[in-house]
Structures are given as structure tokens and as C-alpha cells.
Novice: 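First the structure, then my questions, so here it is.
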2 protein chains.
Amino acid sequence: MKVSLKVEYACRVLAQLARHNGSGEWPHIEALATQEEIPANYLVQILNDLRNSGLIQSRRGKQGGYALARENDQVTLCDIICAIDGGLLEFNTEVKGQSGARLVELWAQVTAELEKMTRGITLEDMITSSHEGMYFI
Amino acid sequence: MKVSLKVEYACRVLAQLARHNGSGEWPHIEALATQEEIPANYLVQILNDLRNSGLIQSRRGKQGGYALARENDQVTLCDIICAIDGGLLEFNTEVKGQSGARLVELWAQVTAELEKMTRGITLEDMITSSHEGMYFI
DNA sequence: GCGATCTTAGGTTTACAACCTAAGATAAAA
DNA sequence: TTTTATCTTAGGTTGTAAACCTAAGATCGC
């Protein structure tokens, strides 16, 4: 049960775009790859997935680049994982063995609870220091 | 973010052992493999992991077999995943890029919430029909 | 038209999931 | 004590997918 590096990269690059959100700047791949230390050739694929899922917009040609398609707090961890993996949780759906049927139900239940949880984490949380909201520095 | 077939098999075979729990029977591999439709050669490895993690006991020789080491409601989904995968959630822990540090914190938070959730699901839930606890059949 | 960007379609490499094989260790039963 | 049924352990295999790279094309501002 692991979070792929691809999802990690997607979160990082989206956090970076969230920082530029509203500024009118459209960072290009090389800049994003450098700032978040992501292999540029791999980042291409990731940004493509994110665009196809409607999380980001892109502009070609000179002055081209990428920008978020929504407000920072409207992009959730659930959205990101689904954009990259095609779904939140992958599990066996074949009903096999005496316990197979019950397990498929339980996986669905786990997925539902996981969705609730990951919908509570947004890009805003990813660009906010963990000390924010506390009473000391 | 997927649940491996190995974890699915582990849950099924443990559910099977939970059904025999307290009966004094020690089902052997072939029986377990047949009842839960798991490749016997693969099941060997899984049962080994479960024994090394203290979730089950084994007996060699004639009349040998496997049995749960705890009560049904004392074996949680969290226990099972940890026994098989070595941990609940695997994620990148390298702090890289401008957003790396914050993400590592968030993954830890997700893990904690996931642990809380999976500790609420036990073998008892895996051998109980989904209609139990309802007021109709 | 030129050059900077995104777009798309491939290829590579390494690791791991999901198995199988086979020789040993143990313990009950004959 | 020999046999036989089980678990134990250490390896091997095979296919797929993650994590990259390469390179030719499509846009668009200048």
C-alpha cells in the first residue's frame, strides 16, 4: 500500500503552481523541474496527466507554461491521486474463495473512508508550513 | 495506492482461520488454499510472514497445520497489512524540492489517520456477513 | 519564419509482484 | 524405528509496471 513517486512529484509540482496561482505567471517545465527537483522528462508525463484530468491548464509557444485550473483550496489530495493513478485505491475485485465476497465489500468501505480523508487535504495545506495556525513562531 | 494481492490472500486465509478459531482444528495449507482459492505455493510464503509477525501459530508433522494466535477481534486490518508489507503506507521520505518537507509531514499525517481507520476493521468483520446487525434478514 | 515552449509516441532499465521448485526439518502414527 | 504427512527454507522464473529517457512533431509569440 504505497504512494508512488509519481504521485509525490505531482503533489510537489502542483504545490509549486499553487504558489504562483493568481500571479499571472505561467512557469514552464524546466523551472518547475528545477524548483521541485523532478526529472524534467518525467515531469512532462505528469503534467500531461494533470492537464487531461482538468487540474491544470497549459499554454504553448513562447510565454507558454502551466497554471492551476482552480483555486488552491479546490484541489484535493484525492483529486491528485485519482488524476495520476486513475483512482484512489486499487484492490482485488474478483470474488474468490469463501471470504472473497466480504472482502470486496470491505475494500469498498476502506476506499470510501480514504476518500473522505483525502478530500480534507488541499494544495493550500501543501504550501502552508506546519507551524501555521500555532501560537508561536 | 493499491492493496496487493498478497494482502488480499492474507486477509482471506486469516478469515478462514478465524472461522476455525477455538474449534481445536488446525487446517493445513492444502485445505486453506482450496477453500480460499489461493495458489498453495504462494500461500506458503504468506503463512510464513504471518507466523513471523505473531498473528498465527503453526504445528509441524502429522496433524500439523495453522491456527490463529489471538482472538478474532484482536487481529486488525492494520496488523495484517503491516505483517505482509512491513508497514501500513510506503511513501517518499526524502525531503527534496521546495515542497518536499511539507509533503513528508502530510504523508505521516495520512498514515496516522489510515492507521486509526484500519485498526477499526478486524477478522470478526471479515467473517460476518454485511447484513448482520441489520433488522431484516 | 524563427525559436521557445508544449505534445505525443515511442523506447529502456530496473525492481518487484506473483508465482513455482525442490530439498530439508519435524512430529505423529504404523 | 521407519514411514508419512505436514511445515520450513532457500532458491528460481516470469511478466508487468515504475521511473525514467529520446526524439520528432505541433503551437504560438516575436
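Residue numbers start from 1 in every chain, and the chains themselves are labelled A, B, ... in the order their sequence lines are given, proteins ahead of strands. FYI, side chains are in, hydrogens and waters are out, and symmetry mates aren't considered; it's all heavy atoms of this structure. None of these values were measured; they are calculated from a predicted model.
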Novice: Under 4.0 Å between a side-chain nitrogen and a carboxylate oxygen: does that hold for B/Arg102 and A/Glu124?
Specialist: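 So B/Arg102 does not pair with A/Glu124 through a salt bridge.
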
Novice: Please tell me which of A/Val44 and A/Gly61 maps to the more 5' nucleotide of DNA chain C, matching each residue to the nucleotide holding its nearest heavy atom.
Specialist: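 Its nearest nucleotide lies further toward 5', so the answer is A/Gly61.
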
Novice: Could you tell me whether the phosphate oxygens of D/dT9, OP1 or OP2, come under 4.0 Å of any side-chain nitrogen or oxygen in B/Asn48?
Specialist: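 Checking B/Asn48 against D/dT9: at least one side-chain N or O falls below 4.0 Å of OP1 or OP2.
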
Novice: Less than 4.0 angstrom from a charged side-chain N to a carboxylate O is my criterion; do B/Asp49 and B/Lys6 meet it?
Specialist: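 Yes, charged N to carboxylate O under 4.0 Å.
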
Novice: What nucleotide among C/dC6, C/dA18, D/dC7 has an atom nearest to a side-chain atom of B/Ile29?
Specialist: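 The listed nucleotide nearest to B/Ile29's side chain is D/dC7.
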
Novice: Let's see if you can work this out: which of C/dC19, C/dA4, C/dT21 has an atom nearest to the side-chain heavy atoms of A/Lys62?
Specialist: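 Among C/dC19, C/dA4, C/dT21, the one nearest the side chain of A/Lys62 is C/dA4.
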
Novice: Considering only NZ, NE, NH1 and NH2 on the basic side and carboxylate oxygens on the acidic side, decide whether A/Lys2 and B/Glu90 come within less than 4.0 Å.
Specialist: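 No, no charged N to carboxylate O under 4.0 Å.
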
Novice: With a 4.0 Å cut-off on heavy atoms, is A/Leu47 in touch with a base, just the backbone sugar-phosphate, or nothing at all?
Specialist: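 The residue A/Leu47 makes no contact with any strand.
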
Novice: Quick one: is C/dT8 close enough that its OP1 or OP2 comes under 4.0 Å of any side-chain N or O from A/Arg51?
Specialist: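 Indeed, a polar side-chain atom of A/Arg51 lies that close.
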
Novice: Roughly how far, to the nearest 0.5 Å, is the OG1 atom of B/Thr122 from the CZ atom of B/Arg119?
Specialist: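 Rounded to the nearest 0.5 Å, the CZ-OG1 separation comes to 12.5 Å.
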
Novice: Mapping A/Val7 and A/Arg60 onto DNA chain D by nearest heavy atom, which one lands closer to the 5' end?
Specialist: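 Its nearest nucleotide lies further toward 5', so the answer is A/Val7.
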
Novice: Find the distance B/Leu43:CG to D/dT6:P and express it as a whole number of Å.
Specialist: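 About 14 Å, once rounded to whole Å.
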
Novice: On DNA chain C, does the nearest nucleotide to A/Gln63 precede the nearest nucleotide to A/Asn52 from the 5' side, or the other way round? Give the residue.
Specialist: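 It is A/Gln63 whose nearest nucleotide is closer to the 5' end.
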
Novice: Tell me whether the side-chain N/O atoms of A/Ser58 come closer than 4.0 Å to OP1 or OP2 in C/dT5.
Specialist: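 So the side chain of A/Ser58 is outside the cut-off, no N or O lying under 4.0 Å from OP1 or OP2 of C/dT5.
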
Novice: Of the options D/dG29, D/dA19, C/dC19, whose atoms approach the side-chain atoms of A/Leu5 most closely?
Specialist: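 Shortest atom-to-atom distance from the side chain points to D/dA19.
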
Novice: Using the side chain to side chain contact (heavy atoms under 4.5 Å, CB included) rule, pick out the option among A/Ile46, A/Asn52, A/Asn48 that qualifies with A/Leu50.
Specialist: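 Running side chain to side chain contact (heavy atoms under 4.5 Å, CB included) over A/Ile46, A/Asn52, A/Asn48 with A/Leu50 returns exactly one hit, A/Ile46.
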
Novice: What's A/Gln45 touching, base or sugar-phosphate or nothing? Going by heavy atoms closer than 4.0 Å.
Specialist: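 Since a base atom lies under 4.0 Å of A/Gln45, the category is base.
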
Novice: What is the separation between atom CG on A/Asn41 and atom P on D/dA24, rounded to the nearest whole Å?
Specialist: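 That distance rounds to 14 Å.
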
Novice: Can a side chain N or O of A/Tyr9 be found less than 4.0 Å away from OP1 or OP2 on D/dA18?
Specialist: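 Negative; the distance criterion is not met.
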
Novice: Output yes when at least one side-chain N/O atom of A/Tyr42 is less than 4.0 Å from OP1 or OP2 of C/dT12, else no.
Specialist: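 No, because none of the side-chain N or O atoms of A/Tyr42 sits under 4.0 Å from OP1 or OP2 of C/dT12.
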
Novice: For B/Lys6 and C/dC19, give me the distance from atom NZ to atom P, rounded to whole Å.
Specialist: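 The answer, rounded to whole Å, is 11 Å.
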
Novice: A/Arg59 side chain N/O closer than 4.0 Å to the phosphate oxygens (OP1, OP2) of D/dG29?
Specialist: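 Checking D/dG29 against A/Arg59, no side-chain N or O comes under 4.0 Å of OP1 or OP2.
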
